[in-house]
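Input: one structure, supplied below.
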Amino acid sequence: MPEIDNPVVDPLPPLRDVIAAHGLAAKKSLGQNFLLDLNLTRRIARAAGPLNNTTFYEVGPGPGGLTRALLAEGAARVIAVERDERCLAALKEIAAAHPGRLDIVSGDALRIDEPTLFAELGAAGPVRIAANLPYNVGSALLVKWLTVQQWPPFWESLTLMFQREVAERLVAQPSSKSYGRLSVLTQWRSRAKILFDVSPRAFTPPPKVTSAVVRIDPLPEPLAPCTLAGLEKVTAAAFGQRRKMLRQSLKALTPDAEALVLRAGLDPTARAEQLSIADFAALARAVAGAPGPVPD
Ligand code: SAM
């Protein structure tokens, strides 16, 4: 159990008491590792700012540690989506302590169309997103938020907890072990930064690995021109066989992969992990004009 020296952030009981009162024993199936230290959740909330005059979208509030911190640090409004119905009563108590500032939505964040939800709730303008999520859901949501058609997107920033190893993939540079599809997708049209590590001891129950808080800010426009579909196609093919030369790995896209790579101005003997984001964009533009795969 972490030593917790909780500051007074609101008139609500300590999170440990909230969990006991509502019977919120952590469920492994929902990836529940709760943060009970309000000093830490306030640090995450500040990292997700600026908070004043800002609407936050929080996914997976659980018993409400980060939610309470966002509200205490001055978020104008928090829209929180939670899948575990057991948490809703505890969240309603937070809403009652902050009238008109917390909307609780019961549901699966992976299935929610955020712009529609925000319009229904009358939340005008861009929102900032903050979440401490189960790792599999976190990655899926990140991809969902990075692959929206409209750019700049409906979100102004993402501040998310990830397994340290996943965080490293988001910021990885070419020729490193962690560099892959997620690095290219993230860095193509946003700037990602690892802010700080969070020890397993900070969570209840503690996960097996170290976590890290990552901040992602959208770029006004992509780093290099190409379509999202084209970029996804070339990164999937190239990193699908990351140890092979491009002239081989890109055969999944076109019979004459060597010509494709040359058309992009790249070396056909290079491997995926050596290419920059701009190189992948060049490949995506080249593939748009390439003949399709050879039929079986
Ligand atoms: N934010 C809380 C904290 O920091 O203590 C809880 C974090 S816990 C790691 C993840 C939370 O996400 C749990 O409350 C879980 O029920 C919720 N969750 C898991 N999958 C979800 C989904 N698909 N949509 C919404 N919430 C989800």
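Order of listing sets the numbers, starting from 1, for every ligand and every atom in it.
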Sub-3.5 Å N/O-N/O distance, P134 and ligand 1:
no

Between E58 and T67, do the side chains contain an N or O donor and an N or O acceptor separated by less than 3.5 Å?
yes

With a 4.0 Å heavy-atom cut-off (strictly under), which part of E58 contacts ligand 1: side chain, backbone, both or neither?
side chain

Taking A286's backbone N and O only, do any of them form a donor-acceptor pair with R263's side chain (distance below 3.5 Å, no angle check)?
yes

Atom 1 (N) of ligand 1: closest protein heavy atom, distance to 0.1 Å, is G60 O, 2.8 Å

Picking from R242, K244, K177, R181, what satisfies salt bridge (charged side-chain N to carboxylate O under 4.0 Å, His left out) with E273?
R242

Identity and distance of the protein heavy atom lying nearest atom 18 (N) of ligand 1
E82 OE2, 4.1 Å

Establish, from distance only, whether the side-chain atoms of R86 and Q32 form a donor-acceptor pair under 3.5 Å.
yes

Could you walk me through whether T269 and D267 pass the side chain to side chain donor-acceptor pair (under 3.5 Å) test, one step at a time?
CA-CA 5 Å; T269 66; D267 174 0; 2.9 Å; yes

Contact check: N33 vs ligand 1, nitrogen or oxygen atoms, below 3.5 angstrom
no

If we ignore hydrogens and angles and just use 3.5 Å, is the side chain of T235 paired with the main-chain N or O of E232 as donor and acceptor?
yes

With atoms numbered from 1 as shown, which atoms in ligand 1 lie under 4.0 angstrom from a non-hydrogen atom of L35?
3 (C), 4 (O), 5 (O)

Ligand 1 atoms in contact with V81 (distance to a heavy atom under 4.0 Å):
25 (C), 26 (N)

Please say whether the positively charged group of R128, taken as NZ for Lys or CZ for Arg, lies over the ring of W155, i.e. under 6.0 angstrom from the six-membered ring centre and within 45 degrees of the axis.
no

Could you check whether the rings of Y179 and F280 sit parallel, tilted or perpendicular, using 30° and 60° as the cut-offs?
tilted

Protein heavy-atom partner closest to atom 13 (C) of ligand 1 - residue, atom, separation in Å:
Q32 CG, 3.6 Å

If the cut-off is 4.0 Å to any non-hydrogen atom of G62, which atoms of ligand 1 fall inside it?
14 (O)

Say whether D108, considering both its backbone and side-chain N or O atoms, lies within less than 3.5 Å of an N or O atom on ligand 1.
yes

Please answer: with hydrophobic residues joined when any side-chain heavy atoms are less than 4.5 Å apart, are L246 and L262 in the same cluster?
no

Could you identify the single nearest non-hydrogen protein atom to atom 27 (C) of ligand 1 and state the distance to 0.1 Å?
R83 CB, 3.7 Å

Kindly identify the option in D84, T41, L24, N132 whose heavy atom sits closest to atom 10 (C) of ligand 1.
N132

Between P61 and ligand 1, which part of the residue brings a heavy atom under 4.0 Å of the ligand: side chain, backbone, both or neither?
backbone

Going by the 4.0 angstrom heavy-atom rule, the piece of L66 near ligand 1 is neither

Can you find an N or O of L30 that's nearer than 3.5 Å to an N or O of ligand 1?
no

Got a donor-acceptor contact below 3.5 angstrom from the Q187 side chain to the L170 backbone?
yes

Could you check atom 24 (N) of ligand 1 against the protein and tell me its nearest heavy-atom contact, residue, atom and distance included?
A109 N, 2.9 Å

Do R77 and F56 meet the cation-pi criteria used here (NZ or CZ under 6.0 Å from the six-membered ring centre, within 45° of the axis)?
no

Would G107 count as a contact of ligand 1 if the rule is a heavy atom under 4.0 Å away?
yes

May I ask you to list the atoms of ligand 1 that are less than 4.0 angstrom from any heavy atom of G31?
8 (S), 9 (C), 10 (C)

